[in-house]
Every structure is written in C-alpha cells, then in structure tokens.
Amino acid sequence: MSSQVAGLLQLTALIAALALAYRPLGDYMARVYSSEKHYRPEKWMYKAIGANPAAEMRWPAYLRGVLAFSAVSVLFLYLMQRVQGSLPGSLGFSSIDPDQAFNTAASFVANTNWQSYYGEQAMGHVVQTGGLAVQNFLSAAVGMAVAVALVRGFARSRTGELGNFWADLVRGTVRILVPISVIGAIVLVAAGAIQNFSGIHQVGQFAGGTQEWNGGAVASQEAIKELGTNGGGYFNANSAHPFENPNPLSNLFEVFLILLIPFALTRTFGRMAGSLKQGYAILGAMAVIWIGFTALMMWTEFAHRGPAFEIAGGAMEGKETRFGIAGSSIFAVATTLTSTGAVNSFHSSYTGFGGGITLLGMQLGEIAPGGVGSGLYGMLIMAIIAVFIAGLMVGRTPEYLGKKIGTRQIKFAACYILITPALVLGFTAVAMALPTPADSMTNSGAHGFSEILYAYTSGANNNGSAFAGLNADTPWFNTTIGIAMLLGRFLPMVFVLALAGSLTEQQPVPETAGTLRTDKPLYSGLLVGTILIITGLTYFPALALGPLAEGLAS
C-alpha cells in the first residue's frame, strides 16, 4: 500500500469517527448548558467560590467573571512556578525565571500553551499536574462558556441575560471535559503512553555523556491537552515524543480528540438556537476548509521534487517515520486550524508552501473547526460579517437567526476581526526592526522572517505551536509573546460578549421572502469565501515575504 493511499484511509477513518460522535456529543453538550439541575459536587464548588449558579448575568457581569477568574489563574500559576524549587515533587528543578514564568502562566491560562522551555528539564510533577494540567481544563471551559453565551445571544430575546459564567465554567469542566479526558487517557495508556510519577532515570550512555528521562502523568495530560485544544507538551518534543504519542493509532486518536468538541459544538449551536440546519451550515463551512487544507498539505509534502525527496517518498525532514508524511500532515493541519499547538513533526522543516499552510491556518482565526469554544464564536462572528456583505449586495438590512445586524453589531464584529492581525503584524514589524530579537533567529532570509511571523501568529491566535528555529526564551520574546497571548485571548471575548448582549436585547425579526437563507449550501460557500478573502487581504503581504517567497525559490 502506498503512503498516499494509507493517508487517505487515515483521513476517511477520522471523518467516520467524527461523524459517529457528532450527534450524541453535540446534543449532550446542549443539554449540559441548558439544564437547570446542579449535581452535588458542583454545588460544593459553587459554595466554595461563593457563586449563585441560578443568578442570570448580563454581558458586563459575565465578562467580569471571565476576566477575574482568568486573572487569578494567571497569578496562581505564576506563583507556583516561582516557588517550584521549594515544592515537593519538583524533581530537583529550580524555580522558573520571572519572564518565563509570566510567559508560561499567560500561555496556559489563555489556552495557548506556548512553551519557551524544555518540559522535561524545567517543570516538576506538581507544576505539571497541579498547575499546567489544571489550566488545560479550565481555559478550555472558559472558551466553551463564552461560545455558549454567544449562542444564547441568538436564542434569547428582550432579556439581556446570557446565563451564569460560573455555572457554565463548572458544567463544562465536570460534565464534558473531565469524563472524556478520563476515557482518552485510558485509551492512550493502552496505546503505550506513560502514566506515572517516576523520577529521573538514566536510560543509556553514549560518547561524551548519558541519556536521562523523567516520567510523569503524561497520558492524562495528553488527553486534555488535545481535547481542550491546548497543545502544551509534557516533553520538549511534544506529540512527536514516543512517551506522548507512541504509534500511528495513538496519533490518529489524538487528532480525533483535537477535532471532537469543536466540530460537535456546531450541533450544540443548532440545537440551542432552535435550528439544526443552521448548525449544519456552519459545520459545512468548517469541514470544507479543514478537508481542503489537509488535502493541500498532503499534496505539497508528497509532491515536492528533488533526489532526497524522491528517495524518501516526499518531504520527510522533521517528520517521525512512525507517522510518515500523511499522519504528520493530518496532525499539522488539525492543530493549526484549531488553537491546539501540539506538534508531531516540526513545522520549520516543512516545505516552504507547507509551512505557509500552517501559518495560514492560524491566520484564518483558527475557526475550521477552531479551538474549543473559540472556534464556534469565531465562526459565528464571520457568519455575521458574511451576512452583512450579502445585505450590502442586495440593499437590505442584514439579519442572522432572526436578529438584525445593525451598526452596533457590525462594529463589535469588525473590532473582533481586527484585533489579532494588529497584534501579529505589529509585534512582527517591531521585532524585525529591532536588532536584538533578530539574534534569536536560526535562519536568515525568508525562512527567518517566517520564524518570527509564526511566533506572533501562534501567540496572538492562542495556538502555541512554533516554527522550532526561533530561540524564544529571551526577555523580549517571553514578554511580548505573553502580552500578545493575553490580548489575543481576552480582547476578542470582550466584543463577543458585548455582541451577545446586544443580540439578546432585540425582538426577533420574522422571516420574509427577502430574508437570506443562512441554512443553505450557498450561504456556506459565501461564508468560506468571506473568510478566505478577509484573511488574504490582511496577511498576503506578510506571507509573500516569508513562506511564499521561500516556496517559490525552492
């Protein structure tokens, strides 16, 4: 069997598994966020934090809950790293430097999981499991809560109330993320991932030194890392490490976990909004982009020409032989079209066009299917933009799900789509203009520029993957990427919740013969076109200086 055929079979099996899980999981999540029942452990949590889960919140109160909880999380994780040297289970590792501790705390709380450190050489068991892994759950639950608040904005009328942030946070964690993660961890252990609290072991000797590895609760952290579209690796090699991702079966399962909730949330959206067809329309747009990017990545990496490529069967540099080009391409597209950031190969070693595809996947806004929660609300923002454009073309006031898209709503949507490009392009320009950041580049020319562009694209879009050629463990990059991660995560949430609040205050508009049908394939095509055009107009000059220039020169 050829590698190309094997890749198609893997992709087919993945699509089939996602299709089987789509309906039951999507309906279950809709019930979770619509239920008025509180389980006893959840009541204990509400009592501990002093929250009333039955109290409805308007958007400013909901936003204050999101920001306050996240700020406390950043502070807690920062302090945990700063005192690591005094904690039990630290494996002898010292406390983390201030700039790196800030970067890591911002990264994991913002669901980015950017890592400028070697995991197995910096973080002990307590910080890994009690700090980083906990934030993998909580940051994902925050994203899901904000997405559900926006869905309620479409579903409710004349109230201004979006639900209760604390109830959404707890339910998302306890009823969705924890149960699936437990099952996922068991599957990964069965596939060969490790799960222990072992210390550091010498595993071999070689000329000039020894080889040492430490154990850890890897399978459990790997499960939520992928399920919550987090991406931070227990080891520096991330999902290319055999302790995290042992074989092709575990590799495909991890991709399944990455895509599971983002795709299923479209069903949740349709169910809560009262129209499953609307959910299918959003799903269709997501699926077209994801399948198209995966096919393009496979073609690029398989078709590259040259003696070395032909002998290897394609562009194998930087890829694990146990995954091959197909398994690596599927994984790379899944992680960069979501906010996961996990890698099972090194994107810096991809062909020029292949590296450009990973960059473009993040620059789309990671909405196909996107991060847990963030993918859905990002796609709904683009859906509003598409409806607005259609309204301009036919000369009528745009409507979406019975809500008028007026000046106020389109301003919120426009601010949302402008924030991330401003962060990415602004920080990249400053870094390229200053002499010190350029010293961190391993490569010069177009590829070196791509390293810095990729770093800020990954940070501001809350992805977390890296081009691997950039030394980002410097005060400049730790600080600026940390700021980009926090602003790129929480500023868009401000406009999402403000938009949701404005929608709940409206009276539904009855559908007429002139209403744009947003549950049809034609609209899904308009939505895909809108996404590609906006992204192209925003990022094409930067891409032309980096991956496109490199690809055309090779």
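Remember, predicted model here, so these are calculated numbers, not experimental data.
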Contact between Phe323 and Phe331 at the side-chain level, heavy atoms closer than 4.5 Å - yes or no? no

Which residue pairs pass the side chain to side chain donor-acceptor pair (under 3.5 Å) test when at least one of the two sits in residues 61-71, sequence neighbours left out? Tyr62-Asp168

Considering all heavy atoms of both residues, which atom of Leu77 and which atom of Ala105 are nearest to each other, and what is their separation? CD2-CA, 3.7 Å

Sequence neighbours left out, what pairs pass side chain to side chain donor-acceptor pair (under 3.5 Å) with at least one residue falling in residues 357-378? Glu366-Asn463

To the nearest 0.5 Å, tell me how far Glu226 CD sits from Leu259 CG. 10.0 Å

Taking the six-membered ring for Trp and the full ring for Phe, Tyr or His, determine whether the centres of Phe263 and Trp290 are under 6.0 Å apart. yes

Thr457 side-chain N/O to Leu359 backbone N/O, donor-acceptor pair under 3.5 Å: no

With a 3.5 Å cut-off and sequence neighbours excluded, list the donor-acceptor pairs that the side chains of residues 85-94 form with protein atoms.
{"from": "Ser90", "atom 1": "OG", "to": "Leu87", "atom 2": "O", "distance (Å)": "3.4"}

Does a side chain donor of either Asn136 or Asn111 reach within less than 3.5 Å of an acceptor in the other side chain? no

Decide yes or no for Leu265 and Phe269: does some side-chain heavy atom of the first lie under 4.5 Å from some side-chain heavy atom of the second? no

Can you name the residues that form a salt bridge (Lys or Arg N to Asp or Glu O under 4.0 Å) with Glu42, not counting sequence neighbours? Arg175

Using the side-chain contact (heavy atoms from CB on, under 4.5 Å) criterion, which residues pair with Ser450? Sequence neighbours excluded. Phe467, Pro547

Is there a donor-acceptor contact under 3.5 Å linking the side chains of Thr112 and Asn462? yes

In Å and rounded to the nearest 0.5 Å, what is the CG to CZ distance from Leu260 to Phe256? 4.5 Å

So, using salt bridge (Lys or Arg N to Asp or Glu O under 4.0 Å) as the criterion, who are the partners of Glu222 when residues are at least two apart? Lys225

Expected output: side-chain Glu244 to main-chain Phe235 donor-acceptor under 3.5 Å: yes

Measure up the Tyr456 and Phe477 rings against each other and bin them: parallel (under 30°), tilted (30 to 60°), perpendicular (over 60°). tilted

Going by the salt bridge (Lys or Arg N to Asp or Glu O under 4.0 Å) test, which pairs reach into residues 78-87, not counting sequence neighbours? none

Does some side-chain heavy atom of Thr173 sit less than 4.5 Å from a side-chain heavy atom of Met45? no

Quick check for you: to the nearest 0.5 Å, what is the distance between Asn113 atom CG and Ser139 atom OG? 6.5 Å

In this structure, CG of Leu543 is separated from CG of Leu453 (nearest 0.5 Å) by 6.5 Å

List in chain and number order the residues that pass salt bridge (Lys or Arg N to Asp or Glu O under 4.0 Å) with Glu320, two or more places apart in sequence or in another chain; answer none if no residue qualifies. Arg322

Less than 3.5 Å apart, any donor N or O on the side chain of Asn251 or Asn245 sitting next to an acceptor on the other? yes

Show the atom names and distances, to 0.1 Å, of all donor-acceptor pairs under 3.5 Å that link a side chain in residues 411-419 to residues at least two apart or in another chain.
none

Within the structure provided, determine whether Ile176 and Met29 are in side-chain contact (heavy-atom separation under 4.5 Å). yes

Qualifying ring pair (Phe, Tyr, Trp, His ring centres under 6.0 Å) pairs with a residue from residues 63-86, counting only residues at least two apart or across chains: none

So, using side-chain hydrogen bond (donor to acceptor under 3.5 Å, both in side chains) as the criterion, who are the partners of Asn478 when residues are at least two apart? Asp99, Ser116, Asp473

Examine the side chains of Ser345 and Tyr350 and answer whether a donor and an acceptor come within less than 3.5 Å of each other. yes

Determine whether the side chains of His347 and Thr336 contain a donor N or O and an acceptor N or O closer than 3.5 Å. no

Tell me, which pairs form a side chain to side chain donor-acceptor pair (under 3.5 Å) where one or both residues lie in residues 482-495, sequence neighbours left out? none

Ile96 side chain reached by Tyr117 side chain, heavy atoms, under 4.5 Å: no

Rounded distance (nearest 0.5 Å) linking atom CZ of Arg152 with atom CG of Leu162: 8.0 Å

Using the rule given for side-chain contact (heavy atoms from CB on, under 4.5 Å), can you reason through Phe293 versus Leu360, listing the C-alpha separation, both sets of side-chain angles and the distance that settles it, and then say yes or no? CA-CA 9 Å; Phe293 269 57; Leu360 184 59; 3.8 Å; yes

Rounded to the nearest 0.5 Å, the CD atom of Gln135 sits from the OG atom of Ser73 at a distance of 4.0 Å

